[in-house]
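Shown next, in structure tokens, is the structure this report addresses.
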Amino acid sequence: MPRPLPPPGPAHERRSADAAPPPRLPIGEMMLVPLSVFHARQICDWRYPSPYERFNWPAWADMVRSGSDFGDRRVRRRQFAAIVDPWGGLLGFAQFFPLVGVLRLGLGLHPELCSRGLGARFVRLIADEARRRAPGEQIDLEVLTWNTRAIRAYERAGFCITDTYERDSTHGRAQFHCMVYLPEHGPGQPPLEA
């Protein structure tokens, strides 16, 4: 008797959002994998506590309807990755946004994993992948100036503040730091002047 064929698509895309394995602690290996619809739906369900609630994503159906960010299949495939643990639990996500001569990072760690000492390792994994994707290009990110928790993790990962400015954001005008990945200068150290 022939064996039945498996359902189409990767197993992680066939599970329902309710079946998402929770992140496990302690976290061992972290791996970057393509961001699937399964991962994207989970990210849309994450809820950060105040004052970080501004980082909550809209509902998945709204993301798909508007075609914004990872709600657009093409953008999701080109720019986004999921960071998972060895058991498939979603730890976070990364965006690799190409600019002229720069690869800008966007990222998010699962709300239940914030403030647990994982930030620097998580960010370093993403920054190293960015260097692999865009050798020779500057790697940077933007962070709200009040988000000291993130700034500390970025500095420990090898980023340093190179500029501060005000710009429009989804929540109105806000102050941002631009931080550049320069691990050779030491954690949080400014680049050497020429």
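All values derive from a computational prediction rather than experimental measurement.
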Look up atom [atom1] in [X] and atom [atom2] in [Y], then write down how far apart they are to the nearest 0.5 Å.
| X | Y | atom1 | atom2 | value |
| --- | --- | --- | --- | --- |
| I126 | Q95 | CD1 | CD | 11.0 Å |
| Q175 | E166 | CD | CD | 5.0 Å |
| I151 | I161 | CD1 | CD1 | 5.0 Å |
| L91 | I83 | CG | CD1 | 7.5 Å |
| D85 | E29 | CG | CD | 10.5 Å |

Shortest non-hydrogen contact from [X] to [Y]?
| X | Y | result |
| --- | --- | --- |
| L105 | L141 | O-CB, 3.6 Å |
| A120 | A157 | O-CB, 3.5 Å |
| A82 | L90 | CB-CD1, 3.7 Å |
| P86 | M31 | CA-CE, 3.5 Å |

Is the backbone N or O of [Y] less than 3.5 Å from a side-chain atom of [X], with the two atoms forming a donor-acceptor pair by type?
| X | Y | value |
| --- | --- | --- |
| D69 | G71 | no |
| N56 | Y48 | yes |
| D168 | G172 | no |
| R116 | E112 | yes |

For the residue pair [X] and [Y], establish whether any side-chain heavy-atom pair is separated by less than 4.5 Å.
| X | Y | answer |
| --- | --- | --- |
| F122 | L107 | yes |
| R65 | P58 | no |
| F96 | R78 | no |
| C44 | R41 | no |
| R47 | P111 | no |
| F80 | V75 | yes |
| M30 | R121 | yes |
| L144 | F55 | yes |

- Message: Please identify which of these residues, T162, V180, L182, L99, meets the side chain to side chain contact (heavy atoms under 4.5 Å, CB included) condition with Q138.
- Response: V180
- Message: For the residue pair R167 and F176, would you count it as a cation-pi contact if the rule is NZ or CZ under 6.0 angstrom from the ring centre and within 45 degrees of the ring axis?
- Response: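 Yes, R167 lies over the aromatic ring of F176.
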- Any cation-pi pair here, R76 with F70, using under 6.0 Å and within 45°?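 No cation-pi geometry.
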- Query: Can you hop from V102 to F159 via hydrophobic side chains spaced under 4.5 Å?
  - Reply: no
- Query: Given the rule that I, L, V, M, F, W and Y join up when any side-chain heavy atoms are under 4.5 Å apart, are F93 and F97 in one cluster?
  - Reply: no
- Message: Is it the case that the side chains of H177 and T164 hold a donor-acceptor pair, with the cut-off being a distance below 3.5 Å and no angle test?
- Response: yes
- Residue pair Y154 / N147, side-chain donor-acceptor N/O under 3.5 Å: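 No, because no side-chain N or O of Y154 sits under 3.5 Å from a partner of the opposite role on N147.
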- Report the C-alpha distance between C160 and M179 in whole Å, list the side-chain angles of each, state the deciding distance to 0.1 Å, and finish with yes or no for side-chain contact (heavy atoms from CB on, under 4.5 Å). CA-CA 5 Å; C160 63; M179 299 184 75; 5.7 Å; no
- Message: Is it the case that the ring center of W146 lies less than 6.0 angstrom away from the ring center of Y52?
- Response: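 So the answer is yes for these two rings.
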- Steps toward side-chain contact (heavy atoms from CB on, under 4.5 Å) verdict (C178, R104): CA-CA 10 Å; C178 179; R104 176 151 296 160; 4.1 Å; yes
- Do W46 and H110 pass the side-chain contact (heavy atoms from CB on, under 4.5 Å) test, and can you show the C-alpha distance, the side-chain angles, and the key distance before you say yes or no? CA-CA 7 Å; W46 290 353; H110 192 293; 3.3 Å; yes
- Task: Verify the neighbour count for atom CZ of R74: are there more than 12 heavy atoms of other residues, nucleotides or ligands below 6.0 Å?
- Result: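 12 or below, so no.
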- Message: With a sphere of 6.0 Å drawn around CZ of R77, does it hold more than 12 non-hydrogen atoms of other residues, nucleotides or ligands?
- Response: no
- Message: Under a 4.0 Å threshold between the charged nitrogen and the carboxylate oxygen, would R132 count as salt-bridged to E129?
- Response: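 Yes, E129 and R132 are salt-bridged.
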- Message: Evaluate Q42 against D45 for side-chain contact (heavy atoms from CB on, under 4.5 Å), listing each step before the verdict.
- Response: CA-CA 5 Å; Q42 288 180 65; D45 289 339; 5.7 Å; no
